Chemist: 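What follows is a structure written as structure tokens; I'll ask about it next.
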Amino acid sequence: MQTYDYKEIEKKWQDHWLTHKTFKAVTDTSKKKWYSLVEFPYPSGEGLHVGHPRSYTAMDIISRKRRLQGYNVLFPIGWDAFGLPTENFAIKHKIPPAEITARNIDNFRRQCQSIGFSFNWDREVNTTDPDYYHWTQWIFLQMFKHGLAYKKEMSVNWCTDCKVVLANEEVVDGKCERCHHDVIHKVKSQWMLGITKYADRLIDDLDEVDYIERIKITQKNWIGRSYGAEVDFESTAGDTLTVYTTRPDTLFGATYMVISPEHPYIEKWADKLTNIEDLRAYREAAAKKSEMERTQLNKDKTGVKLEGVQAINPVNGKNIPIFISDYVLISYGTGAIMAVPGHDTRDWEFAKVYDLPIIEVVKGGDVTQEAFTDCNTGIMINSDFLNGLTVDEAKVEIKKWLISKGLGKEKVNFKLRDWVFSRQRYWGEPIPVVNCSHCGWVALPESELPLKLPDVPSYMPTDNGESPLALMESFINTKCPKCGSAARRETDTMPQWAGSSWYYLRYCDPTNSEALASKEALDYWMPVDWYNGGMEHTTLHLLYSRFWHKFLYDIGAVSTKEPYKKRTAHGMILGEDGGKMSKSRGNVVNPDDIIRDYGADTLRTYEMFIGDFEQPAPWSMSSIKGCKRFLDRIWGLRDIMTTDNDYSDDLKSAFHRTIKKVSDDLENLKMNTAIAAMMTLLNEIYSKGSITKLELKTLLILLNPIAPHITEELYNDIFGGFIHEETWCTYDEKLCIDDTIEIAVQINGKVKAKITIGTDDDEAAVLAAAKTETAVIAAIDGKTLVKEIYVKGRIVNIVVR
RNA sequence: GCGGGUGUGGCGGAAUGGCAGACGCGUCAGAUUUAGGAUCUGAUGUUAAUUCGUGCAGGUUCAAGUCCUGUCACCCGCACCA
């Protein structure tokens with residue numbers, strides 16, 4: 001027996017694939033295409049995590065299988081290399097970020113190649129390459145020209161340690177996602193992208209794509225569309241206060257109003273408000289609260305009543321008090337609500353604190369005990385012309401009434417906010433606009449792209465919150481492209497998520513210098529047929545890239561409405577202790593070590609065998625051995641190979657079944673059961689003691705997508721040629737079934753015996769056979785026969801009394 | 001609080017309403033080996049029991065891990081969104 005030297009074999013085939021460009025993807029419209037995509041990694045100094053190969057191996061399996069099925073396959077990889085960790089490393093070690101990035105990319109590339117992924121290495125993209133971010137900047141300019149990128153003074157999340165603005169998505173539990181320091185609010189002028197203009201389409205078009213359901217649900221909830229009404233309340237100050245509500249049906253129960261502490265009317269009404277100082281003090285206290293305090297501590301309702309101005313409920317003309325409270329957010333709806341304590345939990349809590357009247361307008365609960373918020377069962381009461389209606393009917397009637405009186409309108413609102421798109425950092429794409437004292441913000445001409453990131457003496461952010469670029473006079477000072485007078489460049493850079501919002505397009509045509517990609521290449525390769533990635537990007541990268549893609553579709557740059565036809569998500573690989581893998585826990589597994597000790601094929605097989613692909617799974621060093629043994633036993637098959645080139649009679653149906661099982665399971669990301677099926681077959685082969693040539697060839701092809709090196713080697717050695725030039729196996733449904741099977745015989749649902757029957761035997765014959773079993777005879781002896789059931793090929797159940 | 005997910009042997013996990021525990025790890029026994037490791041063979045939910053067993057309590061069914069009602073626990077996300 002030849003020894004299975006995985007180190008030598010894996011190196012040999014990796015070199016072969018690279019030098020022969022085996023997996024090169026060429027645009028060829030005469031062939032049917034397949035585009036599989038994995039999230040390109042951030043090339044950190046730590047190197048590849050064992051989580052990466054879970055996703056990458058799965059899509060590598062699909063890609064390799066598609067090639068065997070005759071598809072022209074695009075399976076690219078690249079590097080999402082802008083971002084804070086590299087910049088922080090640069091600051092600490094005084095090494096230029098570009099140098100660190102190049103070094104990290106080399107390491108990541110080496111690691112990916114050492115696992116044997118069939119990536120298209122001639123299509124690598126790198127978001128920090130000026131030829132790449134040229135087009136990131138170009139897309140920004142198109143958005144700017146279409147009014148989707150705009151500058152706005154706004155309260156932003158400010159990390160006190162990183163000294164940088166964070167997106168809402170980067171704030172976790174009121175702390176910086178990266179450094180875990182406190183996040184406070186700070187007013188700064190920021191670039192914004194108008195993702196909210198696409199909110200409806202980002203929800204509605206989910207119906208057209210094949211994403212796993214939990215991704216769709218998460219995106220829908222994040223966008224948070226709600227249907228309601230805006231209602232105008234007159235005030236004793238003369239101004240109209242507009243509120244947004246999803247429950248206009250409860251208008252008769254509105255006994256007070258709450259406006260956000262930042263609501264502009266407070267200052268407008270300053271001279272009418274006798275307690276303006278109290279109101280201002282409350283507002284200032286609310287602003288000083290960190291995100292942490294606002295969300296975690298003290299959920300008890302607080303507020304201050306406006307003394308001197310009241311609102312008038314439009315349905316009954318009653319004067320009602322107005323409060324300010326930080327439970328009403330200035331950023332959502334109109335920053336003002338009508339409070340219906342009988343039917344809203346928060347309003348009920350507030351009313352209890354300030355002893356405000358609670359009116360029941362929907363019957364069904366006990367509003368003296370808690371708010372009754374159920375919309376489905378209640379009937380309207382104490383509501384004049386709405387009395388007796390259901391909630392749904394009342395919503396329709398009140399809206400009609402409000403519209404006819406000119407007091408309100410239907411309104412749809414979203415939780416989604418526009419995207420804060422500037423960062424006060426060095427290591428990101430420069431924003432290609434200049435500020436001119438005459439013309440305001442002016443776009444750079446496209447001919448001046450890419451606007452290159454200059455070398456700076458220091459990467460340290462400044463204490464006043466400006467980017468390090470702000471210290472570089474030679475970069476800042478320029479001329480206005482419009483009027484030619486002196487102007488200053490924008491010194492903020494784009495966030496981490498910019499480059500990844502369109503990278504899948506660049507893969508189609510990665511070296512194009514005229515456009516982000518040629519129309520021809522995009523029309524051929526797009527959309528992505530299958531995209532797998534982490535759940536953690538559902539409301540970040542995945543949503544952002546759908547937004548950018550829709551914009552590019554609107555301006556005619558791409559011809560599909562959605563970028564990804566299908567999206568799946570893998571579960572996280574946890575440490576051996578069941579917790580998240582992290583340096584601080586000391587439970588990190590380095591893929592390099594596994595490859596050294598067990599080989600790349602074993603790593604791939606183990607990561608696929610570890611459990612349900614979509615569920616989190618704890619790492620286990622001892623379980624890896626089982627996968628290594630499996631491959632060792634595959635290696636040993638040639639020693640028991642016969643010269644016969646057909647399926648053997650006793651394994652024929654087992655092989656057909658396994659081909660079917662593996663083919664189906666791989667498509668459904670059930671690699672664990674596909675591998676189990678091959679292990680079962682292998683056990684049968686060994687207990688039989690021999691395998692035919694055809695059987696071995698079949699098994700190698702089935703295993704090839706999962707363990708490509710060992711299967712290439714065996715195939716090449718035994719059959720000659722290359723397994724990657726083979727064709728995926730087919731099966732015959734009829735041959736998947738054995739002629740005879742063993743089924744259980746139950747009496748009253750309890751198994752009493754097992755009988756072997758012919759697969760095609762009819763019910764009478766099977767029942768007759770069942771009744772010859774001694775255990776069955778004993779169990780039905782002296783009892784009355786109630787019912788006899790035979791489910792073809794499955795089970796016999798005899799019911800007796 | 002809201003949304004999503006998960007509860008099955010010592011462990012990871014399998015089961016179109018039809019023999020629960022496939023497959024693998026671990027463990028035990030045997031073979032081989034100077035020994036260890038590796039490998040091979042067999043056993044391995046539980047019970048005195050063909051007894052009981054899929055978080056818990058009910059229900060539907062000839063038949064429930066799977067369907068229905070209620071309930072508990074854990075994990076992940078969001079978090080005063082009117």
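Letters go in sequence order (proteins before strands), and every chain restarts at 1. Note that the coordinates shown come from a computational prediction; the quantities given were computed from them, not determined experimentally.
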Chemist: What is the distance, rounded to the nearest whole Å, between atom CD of A:Glu684 and atom C1' of B:A22?
Modeler: 12 Å
Chemist: Among the nucleotides B:G12, B:C80, B:G18, which one has an atom lying closest to any side-chain atom of A:Gln746?
Modeler: B:G18
Chemist: What nucleotide among B:U6, B:C23, B:U50 has an atom nearest to a side-chain atom of A:Lys752?
Modeler: B:U50
Chemist: Between B:G1 and B:U71, how far apart are the two P atoms, rounded to whole Å?
Modeler: 13 Å
Chemist: Do A:Asp612 side-chain atoms and A:Glu614 backbone N/O form a donor-acceptor pair below 3.5 Å?
Modeler: yes
Chemist: Pick the C1' atom in B:C67 and in B:G17, then give their distance to the nearest Å.
Modeler: 8 Å
Chemist: In whole angstrom, what separates A:Leu631's CG from B:G24's P?
Modeler: 13 Å
Chemist: Could you work out the separation of B:G59 and B:U27 based on their C1' atoms and round it to a whole Å?
Modeler: 41 Å
Chemist: With respect to the side chain of A:Arg629, which nucleotide from B:C23, B:G4, B:U39 is positioned closest?
Modeler: B:U39
Chemist: Between A:Ser226 and B:A82, does any side-chain N or O lie under 4.0 Å from OP1 or OP2?
Modeler: yes
Chemist: Using a 3.5 Å distance criterion without hydrogens, assess whether the side chain of A:His343 forms a donor-acceptor pair with backbone atoms of A:Phe372.
Modeler: yes
Chemist: Please check if the number of heavy atoms outside A:Lys688 that lie under 6.0 Å from its NZ is greater than 12.
Modeler: yes
Chemist: With a cut-off of 6.0 Å (strictly less than), are more than 12 heavy atoms of other residues, nucleotides or ligands near NZ of A:Lys750?
Modeler: no
Chemist: Between B:G12 atom P and A:Glu607 atom CD, what is the distance in whole Å?
Modeler: 18 Å
Chemist: So what's B:U27 paired with, Watson-Crick or G-U wobble, going by both distances under 3.5 Å?
Modeler: B:A43
Chemist: Can you check whether A:Asn683 has a side-chain N or O nearer than 4.0 Å to OP1 or OP2 of B:G24?
Modeler: yes
Chemist: Using the P atom in both, what is the distance from B:U50 to B:U33, to the nearest Å?
Modeler: 40 Å
Chemist: Considering every strand shown, what is the Watson-Crick or G-U wobble mate of B:U32 when both distances are under 3.5 Å?
Modeler: none
Chemist: Does the structure show a Watson-Crick or G-U wobble partner for B:U51, both distances under 3.5 Å? Name it, or say none.
Modeler: none
Chemist: Can you tell me, in whole Å, how much space there is between the C1' of B:G12 and that of B:G26?
Modeler: 11 Å
Chemist: Report the C-alpha separation of A:Asn748 and A:Arg801 in whole Å, then their side-chain angles, then the decisive distance to 0.1 Å, and conclude whether the side-chain hydrogen bond (donor to acceptor under 3.5 Å, both in side chains) test is met.
Modeler: CA-CA 9 Å; A:Asn748 292 345; A:Arg801 205 164 37 218; over 6 Å; no
Chemist: Once you round it to whole Å, what is the distance between P of B:G18 and NZ of A:Lys750?
Modeler: 18 Å
Chemist: Tell me the interatomic distance from A:Ile675, atom CD1, to B:C23, atom C1', rounded to whole angstroms.
Modeler: 10 Å
Chemist: Does OP1 or OP2 of B:C19 have a side-chain N or O of A:Arg794 closer than 4.0 Å?
Modeler: no
Chemist: Any idea which heavy atoms bring A:Met621 and A:Tyr598 closest together, and the distance?
Modeler: O-OH, 4.3 Å
Chemist: Under 3.5 Å, is there a donor-acceptor pair between the A:Arg225 and A:Tyr227 side chains?
Modeler: yes
Chemist: Can you check the A:Met572 CE to B:G77 P distance for me, whole Å?
Modeler: 7 Å
Chemist: Which nucleotide in the set B:C78, B:G3, B:C23 lies at the smallest distance from any side-chain heavy atom of A:Thr680?
Modeler: B:C23
Chemist: Which nucleotide in the list B:G4, B:A82, B:C19 gets nearest to the side chain of A:Tyr332?
Modeler: B:A82
Chemist: Under 4.0 Å between a side-chain N/O of A:Asn672 and OP1 or OP2 of B:A14, yes or no?
Modeler: yes
Chemist: Assess the side chains of A:Asp232 and A:Thr242: does a donor N or O sit below 3.5 Å from an acceptor N or O?
Modeler: yes
Chemist: With a 3.5 Å cut-off and heavy atoms only, can you find an N or O donor on one side and an acceptor on the other between the side chain of A:Lys301 and the base of B:C80?
Modeler: yes
Chemist: For the C1' atoms, the ones on B:U61 and on B:G24, what distance do you get once it is rounded to whole angstrom?
Modeler: 35 Å
Chemist: Check the distance between B:C25's P and A:Glu576's CD and give it to me in whole angstrom.
Modeler: 15 Å
Chemist: With a cut-off of less than 4.0 Å, is there a side-chain N or O of A:Tyr327 near OP1 or OP2 of B:A82?
Modeler: no
Chemist: Measure from the side-chain N and O atoms of A:Ser383 to the backbone N and O of A:Met380, and report whether any donor-acceptor pair falls under 3.5 Å.
Modeler: no
Chemist: Does B:G3 have a Watson-Crick or wobble mate here (both distances under 3.5 Å), and if so which one?
Modeler: B:C76
Chemist: Identify the nucleotide, in any strand shown, that forms a Watson-Crick or G-U wobble pair with B:A38, with both distances under 3.5 Å; if there is none, say none.
Modeler: none
Chemist: Would you kindly compare A:Arg633 and A:Ala753 by the position of their nearest RNA chain B nucleotide and give the one closer to the 5′ end?
Modeler: A:Arg633
Chemist: Does B:C56 have a Watson-Crick or wobble mate here (both distances under 3.5 Å), and if so which one?
Modeler: B:G70
Chemist: NA contact type, A:Glu788, heavy-atom cut-off 4.0 Å: base, sugar-phosphate, or nothing?
Modeler: nothing
Chemist: Looking only at atom P, what distance separates B:G65 and B:U54, rounded to whole Å?
Modeler: 7 Å
Chemist: For A:Asn413, answer base if it contacts any base atom (sugar-phosphate contacts may also be present), sugar-phosphate if it contacts only those atoms, and nothing otherwise; contact means non-hydrogen atoms under 4.0 Å.
Modeler: nothing
Chemist: B:C25 base to A:Lys625 side chain: any donor-acceptor pair below 3.5 Å?
Modeler: no
Chemist: Please measure how far the C1' atom in B:A31 lies from the corresponding atom in B:A38, and state the result in whole Å.
Modeler: 14 Å
Chemist: Roughly how many Å is it from CZ in A:Arg214 to P in B:G77, rounded to a whole number?
Modeler: 13 Å
Chemist: Which nucleotide wins on minimum distance to the side chain of A:Asn221, given the candidates B:U50, B:A15, B:G3?
Modeler: B:G3
Chemist: Any idea if B:G9 is syn or anti, going by the 90°-from-0 cut?
Modeler: syn
Chemist: From B:C62, B:C52, B:A82, pick the nucleotide closest to the side chain of A:Ile789?
Modeler: B:C62
Chemist: Side chain of A:Ile795: nearest nucleotide among B:G13, B:C23, B:G18?
Modeler: B:G18
